[in-house]
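Some notes on the structure that comes next.
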2 protein chains.
Amino acid sequence: MAVSLQVLRTRSPGVLTALCPTRVVLDHVTSKWGVLVLAALADGTRRWGELRREVDGISEKMLASTLRTFEADGLVERRAYPEIPPRVEYSLTPLGDELAEAIAPLLDWVLAHAGEIVDRDASVQTRGSSVSR
Amino acid sequence: MAVSLQVLRTRSPGVLTALCPTRVVLDHVTSKWGVLVLAALADGTRRWGELRREVDGISEKMLASTLRTFEADGLVERRAYPEIPPRVEYSLTPLGDELAEAIAPLLDWVLAHAGEIVDRDASVQTRGSSVSR
DNA sequence: CAGTATCCTCGGAGATACTG
DNA sequence: CAGTATCTCCGAGGATACTG
């Protein structure tokens, strides 16, 4: 039995309610590209271009904005080298590293079970269309 | 050192790329209300009204749609009792239960560190406004 | 009580072009 | 190479009203 909202709230009443600061942080992490960017940085420094390639499908705008959010959160460190051509490296701070470890189980679960879920959704669709409606 | 995209891809090449099914599942879980609804159900059955109250701020529309997505995914079971007044109960399936356990570390981390992050964001704002720009 | 049905808004997100 | 700057749009999400 995993930890529920109710249980969490016996420890910290009012946590994760609408105006609770935890909501902001949770929103950053679960933003469209948040988990993927964190996962890309999880085992070390990456350059901008590497991130663009690793986080497949992300636009430059969203990569920049996701990184800036995490930088402001103190989860990611940005290091720019004044060279030509420019080089910029991103890495997790100790705090970001902790977070990356906290989402690892989620990633593992997704990899392990995505297949059954997608298959199931497809068959629900199929059944749905063959029934009334 | 947490597990990175690169490491995951040595195990499953191409995983979590743009068209990979895992992306769909990850999107469901990290949808705006996904984590909170799962957390609310994590230690047992809940009625519709209980969920509305526990997941503070969610609209009826989003609660319905989040629950239907998870039901189609096989993560949540919906049980309706033909009574007057109506009663409907939602609970996690075994698969959903596994997922709830996988996101528990994330929730724990958020609760433990939200404070420092929000404080930091606030001070970044302050510093930002006092500097050039 | 447990939902639908509608209408509407807002901003997340994409596409494209440009720059130091 | 590593980003900004704009423009645009779609649809996730919200508000409100209604119903079996």
Side-chain angles (χ1 to χ4, degrees), chain A residues 17-19 23-38 40-41 45-73 76-91 121 128 132-133, chain B residues 16-19 23-38 40-41 45-73 76-91 128 132-133:
Chain A
T17 49
L19 299 175
R23 277 284 188 87
V24 176
V25 177
L26 190 61
D27 281 351
H28 290 183
V29 177
T30 63
S31 71
K32 177 152 187 179
W33 300 102
V35 169
L36 291 175
V37 168
L38 288 171
L41 289 168
T45 297
R46 294 284 188 281
R47 298 184 60 172
W48 165 272
E50 292 175 326
L51 287 174
R52 266 224 80 180
R53 265 170 274 121
E54 279 196 58
V55 183
D56 189 48
I58 196 171
S59 68
E60 297 187 337
K61 175 184 165 178
M62 292 316 300
L63 179 54
S65 120
T66 303
L67 286 171
R68 267 191 266 111
T69 298
F70 285 153
E71 205 192 341
D73 288 344
V76 162
E77 184 185 0
R78 182 197 131 110
R79 194 166 300 177
Y81 298 87
E83 312 171 347
I84 307 273
R87 180 164 56 103
V88 181
E89 291 183 345
Y90 296 89
S91 56
D121 290 350
S132 62
R133 301 225 93 191
Chain B
L16 288 170
T17 50
L19 299 177
R23 277 286 187 88
V24 176
V25 177
L26 190 61
D27 281 350
H28 289 185
V29 177
T30 62
S31 71
K32 177 152 188 178
W33 301 102
V35 168
L36 291 175
V37 168
L38 289 170
L41 290 168
T45 298
R46 293 285 187 283
R47 296 184 60 171
W48 167 272
E50 292 175 324
L51 287 174
R52 265 225 82 184
R53 265 170 274 120
E54 278 198 59
V55 183
D56 188 48
I58 195 171
S59 67
E60 298 187 335
K61 175 182 165 182
M62 290 317 299
L63 179 55
S65 122
T66 303
L67 286 170
R68 267 191 264 112
T69 299
F70 284 153
E71 204 192 341
D73 288 344
V76 163
E77 186 186 357
R78 184 195 127 110
R79 194 166 301 174
Y81 299 86
E83 311 171 348
I84 306 272
R87 181 164 56 104
V88 181
E89 290 181 346
Y90 296 89
S91 56
S132 63
R133 295 223 94 192

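Lettering of chains follows the sequences in order, A, B, ..., and the numbering in each one begins at 1.
Distances shown here put a side-chain N or O of B:R78 below 4.0 Å from the OP1 or OP2 atom of C:dG3. Remark: A:R47 is in phosphate contact with D:dA2, judged by side-chain N or O atoms under 4.0 Å from OP1 or OP2.
A 4.5 Å side-chain heavy-atom check between B:V37 and B:L63 finds at least one atom pair inside the cut-off. Residues B:L16 and A:D56 have side chains not in contact (no heavy-atom distance under 4.5 Å, counting atoms from C-beta outward). Between A:R46 and A:E89, the closest side-chain pair of non-hydrogen atoms is not below 4.5 Å.
One atom, CZ of A:R52, and another, C1' of D:dT4, lie 14 Å apart when rounded to the nearest Å. Atom pair B:L36:CG and D:dG13:C1' shows a separation of 15 Å (rounding to whole Å applied). Rounded to an integer number of Å, the gap from A:R46 CZ to D:dA2 C1' is 17 Å. Taking atom CZ of B:R53 as the reference point, atom C1' of C:dA2 lies 12 Å away to the nearest angstrom. When rounded to the nearest whole Å, the span between CD of A:E83 and P of D:dG3 equals 13 Å. Taking atom CG of residue A:L67 and atom P of nucleotide D:dA2, one finds them 12 Å apart after rounding to whole Å. Atoms CZ (A:R79) and C1' (D:dA2) sit 17 Å apart, rounded to a whole Å. Taking atom CZ of B:R68 as the reference point, atom P of D:dA12 lies 13 Å away to the nearest angstrom.
Considering CD1 of A:I58 and CH2 of A:W33, their distance stands at 5.5 Å, rounded to 0.5 Å. To the nearest 0.5 Å, atom CZ of residue B:F70 and atom OG of residue B:S31 are 5.0 Å apart.
Remark: side-chain polar atoms of B:E54 are not paired, donor with acceptor, to backbone N or O of B:L51 under 3.5 angstrom.
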(request) Could you provide the dot-bracket string of DNA chain D, using ( ) for intrastrand pairs, [ ] for crossing pairs and | for bases paired to another strand, with Watson-Crick or G-U pairs below 3.5 Å? (result) ||||||||||||||||||||

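When heavy atoms are screened at a 4.0 angstrom cut-off, A:Y81 is found touching no nucleic acid atom at all.
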(message) One character per nucleotide, please: for nucleotides 14-20 of chain C, 5' to 3', B when the base has a protein heavy atom closer than 4.0 Å, S when only the sugar-phosphate does, - otherwise.
(response) BB-B--B

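Looking at every heavy atom in both residues, A:T69 comes nearest to A:H28 through CG2-ND1, 3.4 Å.
Taking a cutoff of 4.0 Å between a charged side-chain nitrogen and a carboxylate oxygen, B:E60 and B:R52 qualify as a salt bridge.
Listed nucleotides D:dT4, C:dA2, C:dT4 differ in distance to B:R87; the shortest reach to its side chain belongs to C:dA2.
Judged purely by distance below 3.5 Å, without hydrogens or angles, the side chains of B:E71 and B:Y90 never pair a donor atom with an acceptor atom.
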